Every structure is written in C-alpha cells, then in structure tokens.
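FYI, the numbering just counts along the sequence from 1. Quick caveat, the model's predicted, so the values are computed rather than measured.
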Amino acid sequence: MMMEGLDCWILRSVEFFIICLFILIPSTCAQQGFLSIACCADSDYTEPNSRIIWKPDDAWFPDKTDCRKITRPVVNNKFYDRVRDFKIDSGKRCYNLPTSKDQEYLIRSTFLYGDTVRTPLGSSFNVLVGATPISQVNSSVDSVVEGIFTADSEYIDFCLDQKKGDPYISQLELRPVNNSEYLGGQSATVLKLVKRFDLGRSDKEHSFRYPDDRFDRIWVPKLGPEPKTYNVSSRIGISNSDAEVTVPLQVLQTALTDPERLMFPHSDLDSGDYNYTVILYFLELNETVKFSGQRVFDIYINNVKKHERFDILAHGSNYAKLVLNVTANGSLNLTLVKASNGSEFGPICNAYEILQLRSWVPETNQEDVNVMVKVINELKEYNRENAELEEWSGDPCLPNPWKGLICSSNNASTVIKELDFSSRKLLGVLPPIVTGLTHLEKLNLSNNHFTNEIPQFPESSMLRSVDLSHNDLKGMLPESLSLLPHLTTLYFGCNPHLDKHLPPAFNSTRVTTDHGICGSQKSTRKGIVIGAVACGSFLFTVAVGIAVVCFYKRKFVVQGKLDGKRYPMTKNLVFSVHSKDDPLKLIAIQAFSLEYIEAATQKYKTLIGEGGFGSVYRGTLADGQEVAVKVRSSTSTQGTREFENELNLLSAIQHENLVPLLGYCCENDQQILVYPFMSNGSLQDRLYGEAAKRKTLDWPTRLSIALGAARGLMYLHTFAGRSVIHRDVKSSNILLDHSMCAKVADFGFSKYAPQEGDSGASLEVRGTAGYLDPEYYSTQHLSAKSDVFSFGVVLLEIISGREPLNIRRPRNEWSLVEWAKPYIRESKIDEIVDPSIKGGYHAEAMWRMVEVALACIEPFSAYRPCMADIVRELEDAFIIENNASEYMKSIDSIGGYSIGGSARYSKVMEKRIVLPPTTPSPTEPSPVNTQNLVPPEPR
C-alpha cells in the first residue's frame, strides 16, 4: 500500500511538472520577438497577470535623474507607476528598436502624466514611428498610443518630438504581428489604433490581452449603447472556419444584439479628413440560428451604406470578419440595421476595431542615416560628457533636422546637404566616415579639438565648402581635396601641426582659401578697419562730448533761425551716458519745442510716409540738416509706451547701422520723434514699393544693405548689459541714407531680452504678417531668434525682389518663405532671384546669402543662427563678390572679356552656374565703393 501511495505521489508530481512545463514553454515561446520596456525601472520584472517580462530603458537612457515616481493612484495601469521626463529645450528623444525587415509590428506606448505638480504649464509632444507622426500627447490624462506598421529595415525609431514642455513616457512595447493580419506587408501606411472593443462583456473591468491574444492586443469591454440592446454570452466555439482566427475566443463569446439596429457613435476622432479602416468580428452565438438567411443586416458608417445584406453564415461558418474603409472628419458612427426583406433576427456584433491610416513619411536617405549614426557613435567615444550629443537621436532630418544639419529633398528622398559641427568643443578623432555623406555640399568642423589626419574625400563628393580651421589636425592636406570638382572654399588655418602646403594639383584660382594661415588676410584687413573705425569713433565721441557739455552749460533757451525768424528750439537738452559700452560716449537727444517743429516742417507740409505710430513729415533744422519728423496720430494703435520705449532705447544706444534719434517733442499732448532724413527711403520702397520710389538695386548694393542691417541687429543682440530684441524687423524698417548705408529703424516694439528668472513670455506678440516668427507666435516665448527669422524673410526679399506676403499671387506663392523654400532645397535659386539682377552677381556670393536666409527661416529657433554668425557669412559673401568684381575688371582691362552678362561665369571662376537672361536688365550703378574690400565694422 505504501509503495502504491508513493507511486501515485510520484505520478502526480510528474503530471504537475509536465502541466507547468506546457504552460511555461508556450508562454516563453510566444513572447519571442516581444520587446517590453519599463522606463526608469531598476531591473527586469514580470507582470503578474500577463507574465510579460519587462526590461528597464537603461540601454537607451542610462541617466536616472529624469525619472520620477507617480504618487497618485494610476487607474489604467495598476502595475507600473514611473515616468521618464526628458528635460530638453527643443528637439526629440528617440528609442532605437530592433526589427526584422518586412515584418508587421504593433507598437504601443503608455504616457502616465504624473502628479499635478509635475508640469504645471503642461506638456505637448508628437509621437512618431520613424518619421511618421501618429498622435499628439497633451498632459492632462494618462494616454496610450498604439500603431501598426511594417518594418522596412533592421530597426525603427520611436520618437517623442517636443512642442511644449517636457516629453515623457512610462512604457514602450513592440510586438510582431502576422504579416497578413493588418497591412499585408505594405510599408506605405501606419495604422493608428482609435478603438478596440470587446462587445457585450458584463465585467467592465476585465480586458483581454496576452497570453489570450498572442499579438498582445488589448480588448477593452464595451456594453450596449442603448437600453434595449442585449448582451449575449455563450460557450459556443468556432466551426468550419477556413480563415485563421487571431481574436481570442473569450472576446468572440460575448456580443451585443438588437431586434432592429445596433449603433456605435464615435465623435472624438481627430479633426481633418482621415482614412479609417473598420474591422468587424462576428461569431453567431444563438443556437437557433442555424441557416444562412436567418440573420441578415446592412452596415452603415456615417449614414452611408458600406455593406448590404451581411450574413455571418453565408460561407458555411459561424465566424466572419469584415473589413471596411471610410473617410471621416471628427466623427465615425457605426450602425448595423436589420435587413428589410426576410431576416428573422436583428444584427449582432462581437468585437470591432477602428484604425486610422497615416501615410508613411519616407525617412532620410538610408546611407546618410547610417553615416550619421556612425559619426555620432564615434564622437561619443571621445566626448562622453558632451550633453549635446544626446540630442542627436532618431532621424537626422525629420521632422526637424539635428542642430547643425541642413537637409533637403532630392529625388523623393531627404538628404543631408550641410553639416556644421563648429564650436562644439568636440574632442578626439575626426570621424573619417563623414566623407561618406555623398550629397554633402558644406562641411564645417572648425573651432573644435580634432587631432587626427584629414581623411580622403571621394571624387564623387558634392562638397562646395570645407572649413577645418581652428583644430589640432596633423599631416598633410589629402590630394583628394584638390580633385573635388565642386569645391569653391577651403579653410584649414589655425592647425599648428598641419602641413600648410596645398596639394600640387590644387587650383587656387577656382577655390577661395586661407592658405592655412591662422588669422587670414581677411581677418587682418578687418582688424585694420576695426582699428580705424574705433579710433575715429573715439575722437569723434570726445569732440561731441566736449561740445555737448559746453552747450549744456549755456543756461538759456537755444534759438533756431528758420525762414529769417527765430523760434525756441529746445527747452532743455537731454543726454545719457552709456557707461556700460563706453564711459566717454555721450548720446545727445534734444527736446524740441512744438513751435520749432512746426516751423521746421512748414506746418507739416511734406508728407513722406505713414506708419503704425503716425505720419512722417520732411523738415529742415536751423543748421540746414534735413530731418524726418514722426508725429503720433490720435488714432494710432501705438501709444505712449511705444513713444517712451523708442526714446529711452535710442538714448542708450548708437551705431552706424541704427537710425539715430536727434530729438523729440512732448507738448500739448503731442508726441513727436525727430530723425535724420534718409534720402534713399526704405529697402521696401527700393525693392517693390510705389513706382515713383522703386529703383533697381544692383547685387553689390543689395549685399551691402543686407550686411549693414545684419550688423545693426547684431549690435542690438549683443548690446553690453542686456540684449535688445527689435521685434519688428522688416524691409520697411531698414532705411537707406544718401550713400545707401542701411540703418535699422522703428524701435517702438523693442524689448530687452528675457534674462534668467524671467518667464520669457511676452504678454502680446508683436510683429508684421509675413515676417512673424511662427515659434514666437505659437509659444509667445520671446528670443533674439525671432529677429533672426524676420531677417531671413528680409534676405529673401533682397534676393527675389518680392513681398513677404501677397495674396494677389497664385495660392502657392502667397507666402514668400513657402514659395522660395522648395526652389532653394532643390538648388534652383535662379527661379527665385530677382530678374533685374540676373547675370550681375557671383554665384558663390549669392549662395552664401541664400543659405543664410534658409537657415534663418527654420521653424524652430534652436536651428537658426545668431546674428554674429549671419554677419560673418555675409561678410564672406561680400568679400567673394568684391574679389570677383576686381578679377573681372582686370580681365576686362586686357580685353579678355566684357563685363556683365555671362562674363561673370568664366571657367576660371566657375561656381554654381546661374544662367543670365538673354538681354540683361539695366541696373542702377551701385553707389557703394567696391574698392573697399569690407564695409566698415560696427563701432
């Protein structure tokens, strides 16, 4: 008996072991290919119900300082309570997940928004699969975003692209799905889950997922929408089905039915016309329904009949699946109606899914992506403490390029055209793989600490500009550099261990170079100019200061003689000492009497302009100086605040590229500002203003104007003490004096830049339509980069001679920015250049300005250059243009070519060719003295 009992115990133990083995093995096998990431987890763990094994995200983001625990109850996710906050200023954060090419995947992300104290201003960010946005998360409730896609490579990037606040995430899941289940292996679409319901289940809290659903889809219970709708539950199984059934049987064994109709309204869909796929699942649970024709019903979506006389038993099985496609905007109402002829029973439905179709956004050229991934990985080897490298994740170009990259469309693919990693404090080896960017046109790695030899460049390279200066490179310049067919500029100075000799085959007449000199000839000339200007400014300032002090000591009212009469000119003399910039610099602002102003303008006789502040009149002071007198209108939208703002600001700053304030009048409720008269009007007038004011500007003059305006703005942005933001940069606020020197005007909306501790938000967005920074408009966050965007629009005006906004043009040409961008990215600048200057510019100089303009109008401010960088690029363009002009003049002097037309593009000076018109348009001679290599530097 004892032996029999022992045998029985052993037998039962073996049976129990085998049963456990059969339970565990399928569970483990079924999880093959599953990737379950618990963000900020300390170690692997297994979820109790599903037995899914979760891993922490240390392999992607090892820094735990971004992690926080949620203390409030988490209703929809009882097993996890952590969230990772990505503390970033802009850009995206990505998880790079392994996939198998052509495999269909379900990807699901959970966003637990955390405690209310976590993000008081809220967060908003886009969720991307690859480069395709599938949803937007706003921090107010916990969110789950699920999509289905077909992998087109060995990995997929899952990214959170910041819009406002900090992106965050709690869990991320990747699940392989049968290739034919949803997309059929097609890669042109991503399906975003909208709804997935298990109908008729009385237990509202119980949802089915893995291991019941082998793809780990989550089936949420849904009761009947109407009181007369019946819940049906049965243990009936599936019979005679040829189709593979992937829906859990438990889900199919409950249903909703109604004698007449079932209605499932959904009014919370995304606004906009989207395509949707609706998948309906049916299992006949009524044992009395045995034959085809007993239960027949029509199916409507948004009151449109999508399927007529649907019969579950029509194909000999009690199971059926139906896929319907529809376009909807904001709402999708699913209705099942009993067929009018012969049906004994009303409609039934066991489960359904609604999926939104999102068109797959092609990612950046795969070769470029592979190169950039290797470049970043190599840089990380030597720069582990460089936080900026962590910002470079996901697709290098889409939806927004990494900082330092400029990308463009090329044959339906996005490629990297420019790489600027200058001044990033990068150490170690210059990654040789960077030469594998086959579409790269501009490479700037200057001002870093790269130490190895310069790599060989392939002969097929498209590089036009290479800047390797200010590093610690060694060896010789590679011979391959001399063979690059498109190279026009090469800088390699300030590398103390680099051989300065150019390769023998190097064509210095084709390529602008610094010849390896640290502090090039350009810099020397600039230094001379700066020194001369600074010295002259100092002497001038001292002289003015002495004169002002002497003038001030006269205690009587100054008289001005106009038309043979004497008028009180000033009641007092106001001046401010700008000690932060120059302790000896006195800026004198006169307070004019109203009587004197009226005499100077002959009772406001000559109107020369209108603005938001009021009318502008021409006048002449007693000393013969012509002035522009701006009188505030009683109906002006700008008031005392703008008047005082301009008065206070211009009494503290002075620069040759800023319009100076001569005086003001504030008497009898009149508010008047007096400036020097700008005889050549505004840039807007000269480009496309009234016919009487419009005069063709030649290219050198335009370039000089752009450079002057840029210097004025740079002075504002780098003003000692606190940066000043103009807030209304536009062509009508760039005035031109008698020598065509550009001067930035109208500082009524200007503000000091926010400092640390400021909110950075302006109570009201200021600016002009067509010039307004989209990021500033949407966030109200003010920065100097808002001026940069506006200045980029001005540069496009200078290049094209077009208005920034003109609704009289065809719809696709209303916005200058949106019209010009595609042409620039396709290297078709001849399509946007003002016809009046075609054939009258050097291509490289033009490209410099075009590239600056394109960088300035980046939608996100983080990707825009600062004004100092812009000035430097425009100075280079000016030098190139002047060098070319002098060269062509020398050729002309020996009878080699005629100046103008296509002579600018001889083979010696061959650049990007811009074909001139057959008959060049006449241009106004430039008043700028092109003998001077560089215009005067700012004081």
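Donor-acceptor pairing under 3.5 Å is lacking for the side chains of Tyr715 and Glu656. Between Tyr491 and Ser465, the side chains place no donor N or O within less than 3.5 Å of an acceptor N or O (distance only, hydrogens not considered). Residues Asn370 and Gln366 have side chains that bring a donor and an acceptor to within less than 3.5 angstrom of each other.
Among residues two or more places apart in sequence or in another chain, the side chain to side chain donor-acceptor pair (under 3.5 Å) test is passed with Thr364 by Asp395. For Asn400, there are no side chain to side chain donor-acceptor pair (under 3.5 Å) partners, not counting sequence neighbours. Taking the side chain to side chain contact (heavy atoms under 4.5 Å, CB included) definition, one finds that Ala706 meets it with Leu795, Ile798, Met849, Leu874, sequence neighbours left out. For Asp157, the side chain to side chain contact (heavy atoms under 4.5 Å, CB included) test picks out Asn96, Tyr155, Cys159, with sequence neighbours left out. Looking at residues two or more places apart in sequence or on another chain, you find a side chain to side chain contact (heavy atoms under 4.5 Å, CB included) between Glu775 and Asp773, Thr779, Phe860, Ser861, Arg864. Residues satisfying the side chain to side chain donor-acceptor pair (under 3.5 Å) criterion with His449, sequence neighbours excluded, are absent altogether. For Ser480, the side chain to side chain contact (heavy atoms under 4.5 Å, CB included) test picks out Gln456, Phe457, Pro478, with sequence neighbours left out. With sequence neighbours excluded, the residues that form a side chain to side chain donor-acceptor pair (under 3.5 Å) with Arg802 are Glu813.
Of all heavy-atom pairs spanning Gly840 and Trp699, the tightest one is O-CB, 3.5 Å. Here the closest non-hydrogen pair linking Asn471 and Asn448 is OD1-C, 2.9 Å. The minimum heavy-atom distance linking Glu881 with Ala845 is given by the pair OE1-CB, 3.5 Å. For the residue pair Arg848 and Ala877, the shortest heavy atom distance occurs at CB-CB, 3.6 Å. The two atoms that bring Ile837 and Met846 nearest to each other are CD1-CE, 4.1 Å, heavy atoms only. In terms of heavy atoms, Ser731 sits closest to Tyr771 at OG-OH, 3.1 Å.
Within the model, atoms CH2 of Trp819 and CG of Leu796 stand 9.0 Å from one another, a figure rounded to the nearest 0.5 Å. In this structure, Lys785 NZ and Glu858 CD are separated by 10.5 Å, a value rounded to the nearest 0.5 Å. Rounded to the nearest 0.5 Å, atoms NZ (Lys417) and OG (Ser409) are 9.0 Å apart. Interatomic distance, Leu430 CG to Glu453 CD, rounded to the nearest 0.5 Å: 11.5 Å. Residue Leu445 holds its CG atom at 8.5 Å from CG of Asp467, rounded to the nearest 0.5 Å. Atoms CZ and CG, from Phe878 and Asn883 in turn, are 10.5 Å apart once rounded to the nearest 0.5 Å.
In this structure, the side chain of Ser446 does not engage the main chain of Ser469 through any donor-acceptor pair within 3.5 Å. Between the side chain of Thr512 and the main chain of Thr489, no donor-acceptor pair closer than 3.5 Å is present. Remark: side-chain polar atoms of Asn452 are not paired, donor with acceptor, to backbone N or O of Val429 under 3.5 angstrom. Proximity of a side-chain donor or acceptor of Lys838 to a complementary backbone N or O of Asp830 within less than 3.5 Å is detected.
Contact of the Leu716 side chain with the His655 side chain is not registered, since no non-hydrogen atoms from C-beta on lie closer than 4.5 Å. Inter-residue side-chain proximity for Tyr823 and Ile829 is flagged as unmet; no heavy-atom pair is nearer than 4.5 Å. Counting only heavy atoms from C-beta outward, the side chains of Leu502 and His515 approach each other to under 4.5 Å. At a threshold of 4.5 Å between non-hydrogen side-chain atoms, the residues Arg424 and Lys403 count as touching. The shortest distance between side-chain heavy atoms of Met740 and Leu697 falls below 4.5 Å. At a threshold of 4.5 Å between non-hydrogen side-chain atoms, the residues Val788 and Cys866 do not count as touching. Considering only heavy atoms from C-beta on, Val729 stays 4.5 Å or farther from Val744 through its side chain. Under the 4.5 Å side-chain criterion, counting only non-hydrogen atoms from C-beta, Arg686 is not in contact with Ile705.
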Checklist line | Audit row: Ile870, Leu713, side-chain contact (heavy atoms from CB on, under 4.5 Å) steps and yes/no | finding: CA-CA 10 Å; Ile870 294 168; Leu713 290 173; over 6 Å; no
Next item on the list: Decide side-chain contact (heavy atoms from CB on, under 4.5 Å) for Leu707 and Leu703; before the verdict, give the C-alpha distance in whole Å, the side-chain angles of both, and the deciding distance to 0.1 Å.
Entry: CA-CA 6 Å; Leu707 180 54; Leu703 191 49; 5.9 Å; no
Checklist line | Check against side-chain contact (heavy atoms from CB on, under 4.5 Å), Ser827 and Trp847 | finding: CA-CA 9 Å; Ser827 299; Trp847 264 106; 4.1 Å; yes
Next item on the list: Given side-chain contact (heavy atoms from CB on, under 4.5 Å), test Glu851 with Glu873 step by step and report yes or no.
Entry: CA-CA 9 Å; Glu851 288 166 347; Glu873 288 294 319; 5.5 Å; no
Next item on the list: In sequence, state the C-alpha distance, the side-chain angles, and the governing distance for Lys374 and Glu378, and then conclude on salt bridge (charged side-chain N to carboxylate O under 4.0 Å, His left out).
Entry: CA-CA 6 Å; Lys374 292 177 181 177; Glu378 289 184 29; over 6 Å; no
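Applying the 6.0 Å contact sphere to NE2 of His486 captures more than 12 heavy atoms from other residues, nucleotides or ligands. Atom NZ of Lys828 is surrounded by 12 or fewer heavy atoms from other residues, nucleotides or ligands within 6.0 Å. Heavy atoms from other residues, nucleotides or ligands lying under 6.0 Å from NZ of Lys425 number 12 at most. Within a 6.0 Å sphere centred on CD of Glu367, other residues, nucleotides and ligands contribute 12 heavy atoms or fewer.
Evaluation of the salt bridge (Lys or Arg N to Asp or Glu O under 4.0 Å) test over residues 472-489, restricted to residues two or more places apart or in two chains, returns none. The list of disulfide bond (SG atoms under 2.5 Å apart) pairs with a residue in residues 386-459, not counting sequence neighbours, reads Cys397-Cys407. Counting only residues at least two apart or on different chains, no disulfide bond (SG atoms under 2.5 Å apart) pair has a member in residues 422-480.
Of the residues listed (Phe450, Trp392, Trp402), the one engaging Phe421 in a ring pair (Phe, Tyr, Trp, His ring centres under 6.0 Å) is Trp392, and it is the only one.
The residues Glu875 and Arg711 are annotated as salt-bridged, a charged nitrogen and a carboxylate oxygen being separated by less than 4.0 angstrom. Using a 4.0 Å cut-off between charged nitrogen and carboxylate oxygen, Lys730 and Glu797 do not count as a salt-bridge pair.
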Return all side-chain donor-acceptor pairs below 3.5 angstrom for residues 432-439, not counting sequence neighbours, or 'none' if the list is empty.
from: Thr435; atom 1: OG1; to: Pro432; atom 2: O; distance (Å): 2.9
from: His439; atom 1: NE2; to: Asn410; atom 2: ND2; distance (Å): 3.4

